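Structure, as structure tokens:
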Amino acid sequence: MTIAQPPPPSQPAVGAARARSGPLPPPPDATVVVQNVSKVFGSLVAVSDVSLSIQPGVTALLGPNGAGKSTLLRMMCGLTPPTRGTVWVAGGDPRSSASSRSRIGLVPQQDGVFERDRLIDFVRLAAVLSGVAQPEQATQQAIAAVELDPTMDRPLGTFSKGMRQRAKIAAALVHGPTVLFLDEPLNGLDPRQRRQMIDLFHRLGEGGRTVVVSSHVLEEIERFGRRVLVMAKGRLAAEGDFGAIRSLMDDQPLRYRVTVSQAPQVAASLIGHGLVVGCTVEAADRLEITTADAPRFRATIAAVSRHHDARLEEVSPLDDDLESVFRYLVGPR
């Protein structure tokens, strides 16, 4: 199964980039660069001073509804101009560069399908409008990539929500974009279809595409990959590897489950060392610890266990998931 391959992105001239806006040019491997971007609607600040760069592979854009994710995606696609700041995608400004726009694929959150069209006509139209050299072949490949049947002879309006989502993804892929933006693409998909689409996004990323997937569903983001951008209240709250973002919480009270023999004695020593702010003895060999100094706790627990001649079997973080990171970074809504 193949789909159209994207052309290599061009890089802006260094002098031109500096002359226009002053900042240094983007990293050589960046396909998306956003610099000091804000978007204001009247008195509402939807996006506030966001700067980021995105390289090929799968990047997850996380945030609750209303965090500014969709507005940021619309600016990166060139559908709406930033109030302030600059956007550079796949070789240029998508608002003014036809070449940049031709390298972008978009799956919007809204349905965005022609309900009277058949699947094959809908995807073929996207290929023709994008100037694909062999639209029939590209259409068949894009439909196969999303695992739909191109011979279905019924209008898109009769499709399920999940099937319409996959039709939108096929239309976004048909011209072989360098950068693919997907806004809540798994809405309406059943568990099997979700696995299929997540596998497809990973294959695209591994093949050199830049895939940006927006979602407010935490369990989805964890499956997209470790590269995460977290939006909160219009701002970029955190970015980077999930593990690195998780480490931002090390100065916050965190919970651990400790499996160790002589658990009460070990707990007493940890309290005596000032390492815990809360402790529950769940069993003779199991503790739940809350510590305000996670690095020191992790460095000390083995020595405390040895001091009591206790067998330390497991130290498991209970706040080491994206749900906990999200609560910490975003805070009360």
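Quick note: residue numbers are just sequence positions, from 1. The structure displayed is predicted, hence computed values, not measured ones.
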Under 3.5 Å: donor-acceptor pair, side chain of [X], backbone of [Y]:
X	Y	answer
R101	P94	yes
S51	N36	yes
T139	I120	no
R194	L189	yes
K69	L62	no
K168	L182	no

Are side-chain heavy atoms of [X] and [Y] found at a separation under 4.5 Å?
X	Y	result
P177	R103	no
Q35	S53	no
V47	S38	no
S48	R235	yes
P108	D183	no
R166	Q196	yes
V213	L186	no
Q165	M197	no

Flag if over 12 foreign heavy atoms under 6.0 Å of CZ, R154: yes

CZ/R296: more than 12 non-hydrogen atoms of other groups inside 6.0 Å: yes

Ring geometry between Y256 and F297 (parallel below 30°, tilted from 30 to 60°, perpendicular above 60°): tilted

Can you give me the closest heavy-atom contact between [X] and [Y], atom names plus distance?
X	Y	result
P185	S214	CD-O, 3.6 Å
L254	A294	CD1-CB, 3.9 Å
P82	V87	CG-CG2, 4.4 Å
L119	A167	CD1-CB, 3.7 Å
G205	V211	N-CG2, 4.1 Å
A283	A263	O-CB, 3.9 Å

If you round to the nearest 0.5 Å, how far is [atom2] of [Y] from [atom1] of [X]?
X	Y	atom1	atom2	answer
E314	R257	CD	CZ	8.5 Å
F181	T59	CZ	OG1	10.0 Å
H175	L129	NE2	CG	11.0 Å
R286	T280	CZ	OG1	11.5 Å
L312	Q262	CG	CD	12.0 Å
R255	I289	CZ	CD1	12.0 Å

Polar side chain donor-acceptor pair, T291 to D293, under 3.5 angstrom: no

Between S269 and H308: side-chain donor-acceptor atoms closer than 3.5 Å: yes

Kindly work out whether a path of hydrophobic side-chain contacts (I/L/V/M/F/W/Y, heavy atoms less than 4.5 Å apart) joins [X] to [Y].
X	Y	result
V128	L106	no
V34	V40	no
V266	V281	yes
I169	M152	yes
V230	V45	no

T31 and its side-chain contact (heavy atoms from CB on, under 4.5 Å) partner, picked from V179, V212, V89: V179

Side chain to side chain donor-acceptor pair (under 3.5 Å) against R124, all qualifying residues, sequence neighbours excluded: D121, E136

Side chain to side chain contact (heavy atoms under 4.5 Å, CB included) evaluation trace for L72 with L236: CA-CA 10 Å; L72 179 61; L236 187 65; over 6 Å; no

Side chain to side chain contact (heavy atoms under 4.5 Å, CB included) between L173 and L204, worked out: CA-CA 10 Å; L173 287 175; L204 293 169; 3.7 Å; yes

